[in-house]
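Presented below is the structure to which this report refers.
Residue numbers start from 1 in every chain, and the chains themselves are labelled A, B, ... in the order their sequence lines are given, proteins ahead of strands.
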There are 2 protein chains.
Amino acid sequence: MQKKAPKIDPSLVADFPLFLDMEKEAIADILEKGTAKHYKKGDHFFDQFEPATHFFLMLDGYLEVSKTTEDGSQVIMRHFGVGELFGVAPAIAQKNYPATSRALVDCVAILWDNKFWDSFLVEHPRFIQNAYKSIGERLAQSQERIVEMSTEQVERRVAHAVMRLTHQCGVKTEQGILIDFPVSRQDIAEMTGTTLHTVSRLFSAWSSKGLMQVGRQKIEVLEAHKLALLAQGH
Amino acid sequence: MQKKAPKIDPSLVADFPLFLDMEKEAIADILEKGTAKHYKKGDHFFDQFEPATHFFLMLDGYLEVSKTTEDGSQVIMRHFGVGELFGVAPAIAQKNYPATSRALVDCVAILWDNKFWDSFLVEHPRFIQNAYKSIGERLAQSQERIVEMSTEQVERRVAHAVMRLTHQCGVKTEQGILIDFPVSRQDIAEMTGTTLHTVSRLFSAWSSKGLMQVGRQKIEVLEAHKLALLAQGH
DNA sequence: CTGGTTATTTGCGTTAGATCAAACAAACGA
DNA sequence: TCGTTTGTTTGATCTAACGCAAATAACCAG
């Protein structure tokens, strides 16, 4: 399922916001204490309710974090890409992982035993500070999403979700911006609290307006600014 | 609008989870660096978008934190009561307050200049650790609410909201549990992403079933158990 | 006490979006 | 290559909940 990857060169990660304003030696020390691993597409980094033992940094690839309810419906909480810290249970004193995280493509991640959180707090406070900054942004984004779910109707929510995907996980092509991993209509539905049918209808409408180009598990945004207008409710 | 309150006795706050496992002297030191203030019902502790200058601890009373959208709709994010830290922008490296907080009754709160966050980090790491634990719980609750908004229909969401209020802000009476501050149907609507009309209809139905007793800006839950079943979808 | 303001209730028509159903299309494995 | 699986589209209902409207009820200020 996973195999050890070679030692990570600090210079490869030094420009991550997570390592902002840190010395190369400090970065090297942090990296040495973690373990780099490969994950195949579909592998789980961790599962909901499982005791939290490690925290992770994505070096290559994309993952989704999702929660499953008692009655079996899934909600995709967010996506993570290169340079992002995830599974940070110790940062917020959580004993168990609150969600499941799954590799969307083949990935490389570095993981640390939880105990290093507290030791980094002392030895590399700047690292912890940078980490909390990104955790804070996530909290703010969660609250934004609550507002969105409470006040906006489906079309705007879906437009927002697609826009977020293009920003976080998009790659430029000749024609527009392509989401860098397979996304189904069902996935979009689970990100926005609607059904795959409604998403499909919206995508059909949008692509016939030339706003985007869709395929099987493929989304390519052609006119991002028009999508942004939709997301703002026009 | 606000006036200084007398010095706070450490023993009054020593049993707050925030001060768990801390020495009396340490608590006294922290308290000394803050300023206690009275807030009248309706006063704002801080406003959305305003530069964040202080963080707060509620000593007496209740407040609500809400966000307003561009098109003017309000969403109540959460309520805080005695012993809870709020407005913790520096903890998560936020320059501005992401929401507005308003006193629901006359309150007493202690506030600290942001700069003390970093100094407490060094001088009283246990305090900061306790604080992050509660921030982590809030993040988890936010995510739970996203799941709720994505998958549950209105009746369950409203039942959940009322239950949360009884747990966080309820006082026992002879007949049941009373929410300890004025709550309108509109408020419940803003907590659940629905309209005051729908809330009113639900409350009518529930109180005619003897589940609760409602009045003008008053909610008293009589059969919490049955409400919990509704919240779980029965 | 009285008039005005604010909160609540309830009925009724409308609709966004879910649900149900069926056909279609792309990928995949044997 | 063909059959199966998985994802997508689109049409046809159906309904939860909204929006509107109007009546009532509680509170407040002068």
Side-chain angles (χ1 to χ4, degrees), chain A residues 40-42 64 69 71-76 102 104-105 148-162 179 181-209 212-220 230 233, chain B residues 40-42 64 69 71-76 104-105 148-162 179 181-209 211-220 230 233:
Chain A
K40 290 243 172 64
K41 176 177 170 175
E64 70 172 29
T69 63
D71 56 290
S73 34
Q74 271 214 353
V75 179
I76 296 177
R102 196 169 59 83
L104 295 173
V105 295
E148 198 179 298
M149 292 294 305
S150 301
T151 62
E152 294 174 12
Q153 42 190 45
V154 171
E155 184 173 43
R156 287 182 65 178
R157 299 208 304 268
V158 173
H160 253 126
V162 173
I179 309 299
F181 50 79
V183 206
S184 69
R185 309 293 181 267
Q186 176 68 32
D187 291 333
I188 301 288
E190 288 173 2
M191 296 169 63
T192 52
T194 180
T195 62
L196 75 158
H197 307 280
T198 298
V199 174
S200 176
R201 281 179 241 270
L202 287 170
F203 278 18
S204 295
W206 292 347
S207 61
S208 73
K209 279 184 203 154
M212 66 195 317
Q213 206 174 31
V214 294
R216 191 189 171 93
Q217 304 200 91
K218 197 204 83 177
I219 301 175
E220 187 168 7
L230 274 178
Chain B
K40 291 242 170 65
K41 176 177 169 175
E64 70 172 30
T69 64
D71 56 291
S73 34
Q74 271 214 353
V75 179
I76 297 177
L104 294 173
V105 295
E148 199 179 297
M149 292 294 304
S150 301
T151 62
E152 293 174 12
Q153 43 191 45
V154 170
E155 184 173 45
R156 287 183 65 177
R157 298 208 305 268
V158 173
H160 254 127
V162 173
I179 310 301
F181 50 79
V183 208
S184 69
R185 309 294 181 267
Q186 176 69 32
D187 291 333
I188 300 287
E190 288 174 1
M191 295 169 63
T192 51
T194 181
T195 62
L196 76 158
H197 308 278
T198 298
V199 174
S200 175
R201 280 178 242 270
L202 286 170
F203 278 17
S204 295
W206 293 346
S207 62
S208 74
K209 279 184 203 157
L211 227 147
M212 66 195 317
Q213 208 175 29
V214 294
R216 192 188 169 93
Q217 305 201 90
K218 196 204 83 175
I219 301 176
E220 187 169 9
L230 274 177

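- Rounded to the nearest 0.5 angstrom, B:L196 CG and B:R201 CZ are separated by 9.5 Å.
- A donor and an acceptor atom never sit less than 3.5 Å apart when one is taken from the side chain of A:R185 and the other from the base of D:dT6.
- Atom-to-atom distance recorded for B:E155:CD and B:T198:OG1 is 11.0 Å, nearest 0.5 angstrom.
- Dashed line: the shortest gap from a side-chain N or O of A:S184 to OP1 or OP2 of D:dG7 is not under 4.0 Å.
- Comparing C:dT9, D:dG7, C:dA18 by their nearest atom to the side chain of A:V154 picks out C:dA18.
- Proximity note for A:T195 (side chain, C-beta onward) versus C:dT9, D:dA16, C:dT19: the nearest is C:dT19.
- Within 6.0 Å of atom NZ in A:K218, more than 12 heavy atoms from other residues, nucleotides or ligands are found, so the atom counts as buried in its surroundings.
- Side-chain N/O atoms of B:S200 include one lying less than 4.0 angstrom from OP1 or OP2 on C:dT9.
- You'll find that the side chain of B:H197 is closest to D:dA21, out of D:dC18, D:dA21, C:dA18.
- Dashed line: the shortest gap from a side-chain N or O of B:R216 to OP1 or OP2 of C:dA7 is not under 4.0 Å.
- A:T194 has a side-chain polar atom (N or O) that falls below the 4.0 Å cut-off from OP1 or OP2 of C:dA18.
- In terms of phosphate contacts, A:S204 brings a side-chain nitrogen or oxygen within less than 4.0 Å of OP1 or OP2 of D:dT10.
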